[in-house]
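The structure under discussion appears below in the form of structure tokens.
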Number of protein chains: 2
Amino acid sequence: MIENVNILPNTSTEEKIKETARRMFTKKGYAATKTRDIADESGINIALLNYYFRSKENLYELIMIENMQLFIHSIIEILNNKNTTFREKIEILISHYIDMLIKNPDLPMFVFNEINANPQNLIEKLGVNKQILNTYMLQQWQEYLNENKIIIVNPMHLFMNTISLTIFPFAASPMIKNRTGFSTEKFNDLMQERKKLIPEWIFMMIKSQNF
Amino acid sequence: MIENVNILPNTSTEEKIKETARRMFTKKGYAATKTRDIADESGINIALLNYYFRSKENLYELIMIENMQLFIHSIIEILNNKNTTFREKIEILISHYIDMLIKNPDLPMFVFNEINANPQNLIEKLGVNKQILNTYMLQQWQEYLNENKIIIVNPMHLFMNTISLTIFPFAASPMIKNRTGFSTEKFNDLMQERKKLIPEWIFMMIKSQNF
DNA sequence: AATTGATTTAAACAGATTTTTAAAAAATAT
DNA sequence: ATATTTTTTAAAAATCTGTTTAAATCAATT
């Protein structure tokens, strides 16, 4: 009986707790989320949280790792795809992130809070750190620069700009919505528009060579 | 005697507690900051926190409001200055924010966490909400568009881009430092460079009319 | 129907955390 | 110097929070 409990994803108590915990931890962080609140929101007895997950910390780590993996999921494959150009990769990456963030708008704040709290501890344990440095995309980047006779003094700005333009609006969405009165739908439409716009802006920057 | 307690800023017990609280609340948030830790770090008895500030929540609200005001401080004056052009205002705003964020690098995460937690509650109480909509800068913006025959379909993107490019790198700084090995000094140099770069990028975007 | 094991519950526990109290110490005023 | 007020302290009280316990319920198996 114990064997097949986790074979199919069910709407079991265990799953209910985990989903509520994911929502609350992601939204409010570890310290502000109380085990009693998770239990209340899932409609289960407090003891069941410890019965299924042993401890609050255990449950949090589970969610945390899943959130982190969601955040960096499938980047490596995109970066190493031999069938897409440099520009296409940028476009695909941005589009991929915008889709993911529309589905998980609280993820940016969670991830950056977590990185802030754990300077490098767990980021390195996720094992993506050094993989990124040797991707096919980096090769294409060099080729792109050579072909177009572009000299970039500090590519760090480009990297920052890309993630800033893509991710930051989601972190700031409560402020933006509050200031403009936009609904979530209208905000998401705006983000959809950015799939096209951000790559155009980024390549404008590259060509301007302002670094 | 009660009267002049707050007249001159002293290194009194009250001030010590407040400064430690500011640092810890800003870095770790309300729930993760324990009154004992504040007391220990300030080298004072725990009871003194309640003696001077009545409660943890009270103390937090004090810090929170000051942080929020720091974040939006002097914007209005910049926006309404009749002696600067539209472009100069953008440059001054960005330069102002970068200077402020180099001094207070934890502010972005604090502010956005707070806005996330309190959807609109206190943001409106700060009283800056509607002032911004009727600034001299907005007039200049319209004139700028007319003079240069520019039609911007969605100026929201421009607003988002400006704050994204300026503020986001600070929120992401632990990640950036971890991934690049940059020291705080090197990171700050990068931010200083952006004072010139961001306005150039923004005006490139405006002129491209890609909206 | 009885047995077994898994799940759930209410209650209590233990430790952490915030707040209060009452007395001592220090500073200030008379 | 004495009295008064302010500040500080140690201890306790009150509350909150994560975890455990032991019994009850449920589901499946024999």
Side-chain angles (χ1 to χ4, degrees), chain A residues 1-66 110 113-114 117-118, chain B residues 1-65 113-114 117-118:
Chain A
M1 288 307 108
I2 301 170
E3 310 297 337
N4 67 353
V5 158
N6 287 321
I7 283 177
L8 34 132
N10 44 16
T11 330
S12 64
T13 302
E14 191 176 350
E15 209 59 32
K16 263 194 297 184
I17 296 171
K18 201 172 154 190
E19 281 319 303
T20 309
R22 183 194 316 284
R23 192 165 40 78
M24 299 186 82
F25 279 142
T26 307
K27 185 108 190 163
K28 318 194 320 166
Y30 180 79
T33 303
K34 311 301 177 186
T35 54
R36 271 182 178 74
D37 298 337
I38 297 175
D40 289 351
E41 289 240 0
S42 336
I44 55 101
N45 190 289
I46 322 173
L48 290 175
L49 191 149
N50 291 279
Y51 176 73
Y52 284 110
F53 299 98
R54 292 215 343 268
S55 72
K56 179 190 177 184
E57 213 174 316
N58 227 45
L59 177 55
Y60 177 77
E61 198 161 303
L62 218 71
I63 304 297
M64 194 267 277
I65 289 172
E66 286 188 11
F110 178 90
N113 273 316
E114 186 60 37
N118 290 41
Chain B
M1 288 308 107
I2 300 173
E3 311 296 338
N4 68 353
V5 157
N6 288 322
I7 284 178
L8 33 133
N10 44 14
T11 329
S12 64
T13 302
E14 189 175 351
E15 209 59 33
K16 264 194 294 183
I17 297 170
K18 201 171 154 190
E19 280 320 304
T20 309
R22 184 194 315 284
R23 191 164 41 77
M24 300 187 82
F25 279 142
T26 307
K27 184 108 190 164
K28 318 195 318 169
Y30 179 80
T33 303
K34 310 302 176 186
T35 54
R36 266 191 182 71
D37 298 338
I38 297 175
D40 288 352
E41 290 238 0
S42 336
I44 55 104
N45 191 291
I46 321 173
L48 289 175
L49 191 148
N50 291 278
Y51 175 73
Y52 284 110
F53 300 99
R54 290 215 347 267
S55 71
K56 179 189 177 184
E57 213 175 318
N58 227 45
L59 177 55
Y60 177 77
E61 197 160 304
L62 218 72
I63 304 297
M64 195 267 279
I65 289 172
N113 273 317
E114 187 58 38
N118 290 39

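All values reported here derive from a predicted model rather than from experimental measurement. Protein chains get the first letters and strands the later ones, always in sequence-line order, with residue 1 at the start of each.
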**Report entry** Distance, rounded to the nearest Å, where A:Glu61 contributes CD and D:dG18 contributes P
**Finding:** 17 Å
Query raised in the report: Rounded to whole angstroms, how far apart are CD1 on A:Ile46 and P on C:dA12?
Result: 14 Å
Query raised in the report: What is the distance from NZ of A:Lys16 to P of C:dT7, rounded to the nearest Å?
Result: 13 Å
Query raised in the report: Contact class for A:Leu49 vs. all strands (heavy atom < 4.0 Å): base, sugar-phosphate, or nothing?
Result: nothing
Check the interface with nucleotides 8-10 of chain D: list each N/O to N/O pair with the protein under 3.5 Å, or write none.
| unit_1 | atom_1 | unit_2 | atom_2 | d |
| --- | --- | --- | --- | --- |
| D:dT8 | OP1 | B:Thr13 | OG1 | 2.8 |
| D:dT8 | OP2 | B:Thr13 | OG1 | 3.2 |
| D:dT8 | OP2 | B:Tyr52 | OH | 2.8 |

Query - Distance (rounded to the nearest 0.5 Å) between A:Asn113 CG and B:Asn113 CG - result: 4.0 Å
Query raised in the report: Can you find a side chain N or O atom of A:Thr35 that sits less than 4.0 Å from OP1 or OP2 on D:dT17?
Result: no
When the side chains of residues 28-38 of chain B are checked against the rest of the protein, which donor-acceptor pairs come out under 3.5 Å, sequence neighbours left out?
| unit_1 | atom_1 | unit_2 | atom_2 | d |
| --- | --- | --- | --- | --- |
| B:Thr33 | OG1 | B:Met24 | O | 3.3 |
| B:Thr33 | OG1 | B:Gly29 | O | 2.7 |
| B:Lys34 | NZ | B:Ala31 | O | 3.0 |

**Report entry** Atom-pair distance (CD1 on B:Ile38; C1' on C:dT17), nearest Å
**Finding:** 12 Å
Query - Identified side chain to side chain contact (heavy atoms under 4.5 Å, CB included) counterpart of B:Thr13 within the set B:Asn45, B:Leu49, B:Leu48 - result: B:Leu48
Query raised in the report: Whole-Å distance between C:dT17 C1' and B:Met24 CE?
Result: 14 Å
Query raised in the report: When the distance from CG of B:Asp40 to P of C:dT17 is rounded to whole Å, what number comes out?
Result: 11 Å
Query raised in the report: In whole angstrom, what separates B:Lys34's NZ from C:dT17's P?
Result: 5 Å
Query raised in the report: Can you tell which of D:dG18, C:dT19, C:dT17 lies closest to the side chain of A:Arg36?
Result: D:dG18
**Report entry** Straight-line distance of B:Lys18 NZ to B:Tyr52 OH, nearest 0.5 Å
**Finding:** 13.5 Å
**Report entry** B:Leu59 and B:Ile17, any side-chain heavy atoms less than 4.5 Å apart
**Finding:** yes
**Report entry** salt bridge (Lys or Arg N to Asp or Glu O under 4.0 Å) evaluation trace for A:Glu19 with A:Arg22
**Finding:** CA-CA 5 Å; A:Glu19 281 319 303; A:Arg22 183 194 316 284; 3.0 Å; yes
Report summary line: Rounded to the nearest 0.5 Å, the OG1 atom of A:Thr26 sits from the CD atom of A:Glu66 at a distance of 10.0 Å
Report task. Would you kindly give the CZ-to-P distance between B:Phe53 and C:dT19, to the nearest whole Å? Result -> 13 Å
